[in-house]
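Values in this document were obtained by computation on a predicted structure and should not be read as measured data.
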Amino acid sequence: MANLPFLRRAALKTLALRPGNPPALLRRRSLSSGGGAAADDPPFSPKPIGRTPKPQKSRTRKEEPPESSPGDPERPVESDLPFDFRYSYSETNAAVEPIGFREPPRFSPFGPGRIDRAWTGTSAPAREALDPEEAAAERGRVQGAPLSEEEIAELVERYRHSDCNRQINLGKGGVTHNMLDDIHNHWKRAEAVRIKCLGVPTLDMDNVCFHLEDKSGGKIIYRNINILLLYRGRYYDPKQRPVIPLMLWKPYAPIYPKLVKNVAEGLTFEETKEMRNRGLNSPPLTKLTRNGVYVNVVEKVREAFKSEDVVRLDCKHDLVPCVPILFKDEQIILWRGKRDTESTSTSHA
């Protein structure tokens with residue numbers, strides 16, 4: 001290290017004897033040197049001879065889309081679910097045919113050409129009917145052996161509380177199609193999902209439970225008033241979950257025949273009028289609100305019909321104003337009410 005300044009001076013003297021090196025440039029370099037090896041280099045060193053630039057990585061593989069991508073817009077999504085796709089499964093009746101549509105049936109809520117099913121205006125029917133025995137066998141394979149009481153108690157204690165982050169709210173739409181995708185998304189990381197039911201669907205919780213189990217393939221392991229726990233099964237595999245194409249918007253409800261008739265079947269005009277007046281003057285059996293819980297309303301109506309011919313339900317709180325005037329042959333006849341007529345005429349005045 002002691003001979004470093006001597007070697008540096010010798011190198012500079014050798015460079016000065018070479019032709020083509022101006023003495024002034026050499027003097028500036030020697031004066032600007034700070035004693036380190038890096039300081040002896042010129043500010044812009046030329047690239048070493050024989051060093052080739054690195055080749056750029058080819059991105060053709062990333063730019064090419066996968067051949068069988070489920071989200072490929074060029075190819076429709078194929079789903080082997082054995083039921084017809086509807087906006088709501090629990091709040092619609094497939095046996096009742098509409099008499100008109102508010103939008104052309106060709107406008108599919110799934111988007112143009114996104115699924116391999118045709119939209120009829122109310123549903124997207126399955127292309128092939130699945131054998132019920134085969135579907136039951138597949139569901140039994142996923143569910144496995146029934147849960148023991150200790151296992152059910154553990155799951156209930158884990159998911160039944162209101163602060164559970166695995167919860168789905170079921171509102172006036174009932175069991176909707178997109179809700180099925182939400183259920184499977186929760187089942188990726190949780191064995192059960194908590195479902196809180198509110199509004200009109202709570203009038204028939206048996207119907208809600210049936211469609212939840214039938215459409216999702218799960219099993220209700222807990223039911224308390226309007227709170228449900230839907231279990232996914234012992235051998236549920238998130239990677240083998242069914243393909244559920246999402247609805248991009250809520251389709252307009254079709255037009256159905258009038259439920260409220262001018263004259264109730266089996267009654268004369270005067271008898272129908274007299275019952276309407278009695279219903280308006282009778283005290284309301286209960287009040288219905290948008291997000292209420294009505295699991296006991298049906299039982300209340302059955303008990304009331306044992307002593308009364310006409311029962312009135314107060315539906316003016318966030319619901320469509322109506323007055324039931326007849327319950328016969330499992331059919332409910334509703335009247336829109338005098339108050340609704342007066343408000344409509346006033347609004348047009």
**Prompt:** With a 4.0 Å cut-off, would you call E138 and R141 a salt bridge?
**Reply:** yes

**Prompt:** Do the two ring centres, one from Y87 and one from H177, sit under 6.0 Å apart?
**Reply:** no

**Complete:** Shortest non-hydrogen pair, R232 vs Q143, comes out as O-NE2, 3.4 Å

**Asked** Do P109 and K250 touch side chain to side chain, with heavy atoms closer than 4.5 Å?
**Response** no

**Prompt:** Do D182 and H186 meet the criterion of a side-chain donor-acceptor pair at a distance under 3.5 Å?
**Reply:** no

**Asked** Honestly, is R160 close enough over Y222, meaning NZ or CZ under 6.0 Å from the six-membered ring centre and within 45° of the axis?
**Response** no

**Message:** Is a donor from one side chain sitting under 3.5 angstrom from an acceptor on the other, for N185 and R241?
**Reply:** yes

**Asked** Looking at side-chain heavy atoms only, is the closest gap between K215 and I183 below 4.5 Å?
**Response** no

**Request:** Measure the shortest side-chain to side-chain distance between E154 and E157 over non-hydrogen atoms and say whether it is less than 4.5 angstrom.
**Result:** no

**Request:** Please test L229 against V193 for side-chain contact (heavy atoms from CB on, under 4.5 Å), starting from the C-alpha separation and ending with a verdict.
**Result:** CA-CA 6 Å; L229 289 186; V193 58; over 6 Å; no

**Prompt:** So, Q167 versus N165: side-chain donor-acceptor pair below 3.5 Å or not?
**Reply:** no

**Asked** Is Y252 atom OH crowded by more than 12 heavy atoms from other residues, nucleotides or ligands, each under 6.0 Å away?
**Response** no

**Ring geometry between F83 and Y89 (parallel below 30°, tilted from 30 to 60°, perpendicular above 60°)** = perpendicular

**Request:** For I195 and I227, run side-chain contact (heavy atoms from CB on, under 4.5 Å): C-alpha distance rounded to whole Å, both residues' side-chain angles, the deciding distance at 0.1 Å, then the answer.
**Result:** CA-CA 6 Å; I195 300 177; I227 303 298; over 6 Å; no

**Side chains of V311 and S282 in contact at under 4.5 Å (non-hydrogen atoms)** = no

**Item:** Pairwise side-chain contact, T120 with P125, heavy-atom cut-off 4.5 Å (strictly under)
**Value:** yes

**Request:** Return the orientation label for the F110 and W119 ring planes: parallel under 30°, perpendicular over 60°, tilted otherwise.
**Result:** perpendicular

**Asked** Heavy-atom distance under 4.5 Å between the side chains of P245 and F85, does that happen here?
**Response** yes

**Prompt:** Is any side-chain heavy atom of P98 less than 4.5 Å from a side-chain heavy atom of I255?
**Reply:** no

**Request:** Evaluate the side-chain proximity of K196 to N226: yes if any heavy-atom separation is below 4.5 Å, no if none is.
**Result:** yes

**Message:** Quick one, S216 with M179, criterion side-chain contact (heavy atoms from CB on, under 4.5 Å). Give me CA distance, side-chain angles, the key distance, then yes/no.
**Reply:** CA-CA 9 Å; S216 68; M179 185 183 297; over 6 Å; no

**Request:** For the pair C197 and M205, evaluate side-chain contact (heavy atoms from CB on, under 4.5 Å) and give the outcome as yes or no after the intermediate values.
**Result:** CA-CA 9 Å; C197 306; M205 290 296 296; 3.8 Å; yes

**Item:** Lys/Arg-Asp/Glu bridge criterion (N-O < 4.0 Å) met for E270, K273
**Value:** no

